[in-house]
Amino acid sequence: MATPPIALSKAETAWLDFEKPIQELEEELSKLRQIQDKGKSDVSGPIRAMETQIQKTKKQLYSQLTGWQKVQLSRHLDRPYTLFYVEHMTTDFVELHGDRCYGDDKAIVGGFANLEGQSVMFIGHQKGINTKMRQYRNFGMANPEGYRKALRLMKLAEKFNKPIVTLVDTPGAFPGIEAEERGQAEAIAKNIREMFQLKVPVIVVIVGEGASGGAIGIGVGDRVLMLENTWYSVISPESCSSILWRSWDHKEKAAEALQLTADAMLKHGLIDEIVPEPLGGAHRDREGMAKTLRATLLRHLQELQALDPSTRIEKRIERFASMGVYGHAS
Amino acid sequence: MAWFKRSAAGVTTATDEKREAPDGLWLKCPSCKASVLTKDLQENLSVCPKCDYHHRLGSEGYFGILFDQGIYEELDADLISLNPLNFKDTKDYGDRLRDARAKTGLRDALRSAVGNLNGFPLVVACMDFDFIGGSMGTVMGEKIARAVDKARALRCPVLVISRSGGARMMEAAFSLMQMAKTSAKLSLADREGIPYISLMTDPTTGGVTASFAMLGDLNLAEPGALIGFAGPRVIRETIKKDLPPGFQSAESVLESGFLDLIVPRHTLKETLARLLSHLRP
C-alpha cells in the first residue's frame, strides 16, 4: 500500500503559540538568507550567528515545556500517525480490515508488516492528514468495532506466533449513541482483559494522545513506551477542567495537575521508557522519529522474545497489578 | 403549573417542592414523587414501596441483603487513598478525602467482604456512591484486585456491585491503570474458572463500565440503572442532539445484548443463589 501524499500544514499554522520566539528568529533567518542569495552583500556571519541563536533558543525552549505545551505538541497536525510509522519502519505492510461482526472502523488500523526480517502485527489509532481525512478517521476516536478489530488482529497474531506492536494516539473512544449501543465499554473492557493473556510479546507506544479508556483499550503490553512529547491520562485536560473547575479555561492548570507527561508517567512507574523526539517534536523530523522508534522497538522485541510466554504473561500482570499508590489507616 | 403565583414576600417554594416534615423523617421518591417514610424505605431495601424505584444503597445495605444472617468478614478494610499527585482543583484532594471520610464514615468508595450466601462462600466487593461519587482510585482498584485474588484462593465466586461515575480524576493515570489492574486479575480468574458476577446499579459509567463491570461471566443490573461508557451529558455535547428516551437504562442495555439479566433488589439473593448453583462444579 502506498503512503498517501503528505500535505504539511501551512507554515503559519505549523508554529504553536509558545513557539513564537523561534518562529520570529526563523523569519529573521530566512530574510538574511534572501539577502545572501541576492549576492549583493555578504551576511554569512550574521546567518551563522542567527543559526546558533536559533539552536540555543530551541534547546532552551523545548527542554522546559509545560504539560499543556506538550499536549499541544502531541496534537500537532503534522505529527506522524500509525500508517506513517508503519510505512517508514517496515516493509510489506498489508492492512487488514473489519471486526467480523459489525464493520471496519477507520480510526483504528492494523495489519502484518515486516520489521527487520520478521512479521509483526501493527495496530494503532489513525488520525486524518487533512480535513476530509480527519472526518473519515473520526479524529482518531474509535467505535466499538475498532476495538473489536484490534482484538481480532491480536488473536490472529497470537495464533501464528507473531509479536504485536500497538501505537496509541486518540483523544478518546467515541462517545456517541451507536457506540454506546454497540457496547463501547464492553469492547474496551474485553480488550484490556484479553491483552493480559496474549502469548506473544506486546509493545505499546503512546505516539500522540493517550486519552483514557480509548487509549488503554489497546494499551496493555509487556512494555509501555511514550514518545517524549505525548500525554497519557484518565481524561483530557480540557474535560478535566470542565468537570472540576466547571469551565474550559483551566486546561493549563488541569494539565499540570494531571501530571500527564511522559516524564511524570515514568517517574510514577506507569510506563517503561521515554522515546526521545527530534528537537521541537516528532513532526520536525518525521523520518528521524520513525528511525528512532524502529530501533527502540527492535531492542525491546529482542528482550521480550528471550522470555517464554508464561513468564511474559506473569510479568505483564504483575507490572500492572503493582500500579497505584495507597496507604494503610492507622 | 400553578394557575396562581403567590407573590407574597418570602414565599418562593414551589408546591411540588414543599416539605412539611423535618429533614430525614420523610423522603420524596425522585421517580413517583410520593413521600415515603424513610424508615419504610429502609425496611423495603431502599426500594420505593409505591413505584419500585431503586434508591441508592451502599455496601452495608448489600452485605446485609446478601450474606447469611448478615455475617461477613470485611477484607482489606485498612486501605486508604493518598494524594500521590498533590492534586488540587477547587479543593485540595487531601481535604476532599478527609471530608468524604468524615461525611460517610467510610475509608473509600468500595468495601469488600467474604461470607456465605445460602451456605456457600462468596466474595463481594461493593461500591459506596456517597464517597466521591463512587469514583475509582487506587484503593478501589486494589481492593477489587485483592477480592478477586481471595476468590481465587478460596475457589469461590466473586461478585462486584458497581455504582460509580467512573475514574477518580484526582488520581489521574493511577486511576486509569486500575482498569488494567482489575482486568488483569479477572483474566486469571477467567482462566481458572472462578465465577465472576458483575451487578451494575445506578449509575455505572466510565472506566468502571469499561473494565471489570462489563467483564462478568454474568452481567446483571438493577432495574432502571443508568449504564454506559460516556455519560449522557458528554454524548449530548458530542452529537448535539437529545438522547432517545430510556437510552443507557439497564432495560435498553439488555436489549442491546450486554446484560444477562435485570434483577430487582428483592430477588437479588435468591437469583444469585440460583445462578451460582448452576456454576458450581
Item to check | Closest non-hydrogen atom pair between A:Glu181 and B:Ser256, with its separation | outcome: O-CB, 3.3 Å

Item to check | side chain to side chain donor-acceptor pair (under 3.5 Å) contacts touching residues 224-237 of chain B (sequence neighbours left out) | outcome: B:Arg233-B:Glu237

Next on the checklist: Among B:Asp76, B:Ile80, B:Leu79, which residue satisfies the side chain to side chain contact (heavy atoms under 4.5 Å, CB included) criterion with A:His328?
Outcome noted: B:Leu79

Checklist entry - Of the backbone (N, CA, C, O) and the side chain (C-beta and beyond), which part of A:Met195 lies under 4.5 Å from a heavy atom of chain B, both, or neither? => result neither

Checklist outcome for this item: Interatomic distance, OG@A:Ser322 vs NZ@B:Lys181, rounded to 0.5 Å, equals 7.5 Å

Item to check | A:Leu258 and B:Met170, any side-chain heavy atoms less than 4.5 Å apart | outcome: no

Next on the checklist: If you compare all heavy atoms of A:Met265 against all heavy atoms of B:Ala173, which two are closest, and at what distance to 0.1 Å?
Outcome noted: SD-CB, 3.4 Å

Next on the checklist: Checking B:Phe247 against A:Glu180 for the side chain to side chain contact (heavy atoms under 4.5 Å, CB included) test, could you report, in this order, the C-alpha distance in whole Å, the side-chain angles of both residues, the deciding distance, and whether it holds?
Outcome noted: CA-CA 9 Å; B:Phe247 178 65; A:Glu180 293 287 322; 3.7 Å; yes

Item to check | Sidechain-backbone polar pair: A:Lys190 side chain, B:Leu215 backbone, donor-acceptor under 3.5 Å | outcome: no

Next on the checklist: Does any backbone or side-chain atom of A:Ile235 lie under 4.5 Å from a heavy atom of chain B? Answer side chain, backbone, both or neither.
Outcome noted: side chain

Checklist entry - For chain B, which residues from residues 163-176 of chain A lie under 4.5 Å away (heavy-atom distances)? => result A:Ala173, A:Phe174, A:Pro175, A:Gly176

Checklist entry - What is the distance from atom CZ of A:Arg193 to atom CG of B:Leu188, rounded to the nearest 0.5 Å? => result 11.5 Å

Next on the checklist: Checking B:Leu85 against A:His268 for the side chain to side chain contact (heavy atoms under 4.5 Å, CB included) test, could you report, in this order, the C-alpha distance in whole Å, the side-chain angles of both residues, the deciding distance, and whether it holds?
Outcome noted: CA-CA 9 Å; B:Leu85 302 176; A:His268 295 309; 3.3 Å; yes

Item to check | Under 4.5 Å from a heavy atom of chain A, the part of B:Glu255 involved | outcome: neither

Checklist entry - When you look at B:Met177 and A:Tyr232, which way does the side chain to side chain contact (heavy atoms under 4.5 Å, CB included) test go after all the steps? => result CA-CA 11 Å; B:Met177 296 309 161; A:Tyr232 193 8; 3.6 Å; yes

Checklist outcome for this item: Separation between NZ (A:Lys253) and CG (B:Asp89), nearest 0.5 Å, reads 9.5 Å

Item to check | Residues of residues 135-146 of chain A within contact distance of chain B, non-hydrogen under 4.5 Å | outcome: none

Next on the checklist: What verdict does the side chain to side chain contact (heavy atoms under 4.5 Å, CB included) test give for A:Leu244 and B:Phe87, after you've listed the backbone C-alpha separation in whole Å, the side-chain angles of each residue and the deciding distance to 0.1 Å?
Outcome noted: CA-CA 11 Å; A:Leu244 293 181; B:Phe87 197 98; 3.5 Å; yes

Checklist entry - How long is the gap from CZ on A:Phe196 to CG on B:Leu186, to the nearest 0.5 Å? => result 10.5 Å

Checklist entry - Using non-hydrogen atoms only, which part of A:Leu260 is less than 4.5 Å away from chain B: side chain, backbone, both, or neither? => result neither

Item to check | Heavy-atom contact with chain A under 4.5 Å, split by part of B:Arg101 | outcome: neither

Checklist entry - Are any of the side-chain heavy atoms of B:Pro244 and A:Ile177 separated by less than 4.5 Å? => result yes

Checklist entry - Of the backbone (N, CA, C, O) and the side chain (C-beta and beyond), which part of A:Arg182 lies under 4.5 Å from a heavy atom of chain B, both, or neither? => result backbone

Checklist entry - Which bit of A:Gln259 comes within less than 4.5 Å of chain B, counting heavy atoms only: side chain, backbone, both or neither? => result side chain

Checklist entry - Looking at CZ of A:Phe320 and OG1 of B:Thr182, how far apart are the two atoms once the value is rounded to the nearest 0.5 Å? => result 11.5 Å

Checklist entry - Which atoms of B:Ala180 come close to chain A, meaning under 4.5 Å heavy atom to heavy atom: side chain ones, backbone ones, both, or neither? => result both

Checklist entry - Side chains of B:Ser187 and A:Gln197: do they bring a donor and an acceptor to under 3.5 Å? => result yes

Next on the checklist: Strictly less than 4.5 Å between heavy atoms, which residues of residues 205-218 of chain A line up against chain B? Please order them by number.
Outcome noted: A:Ser212, A:Gly213, A:Ile216

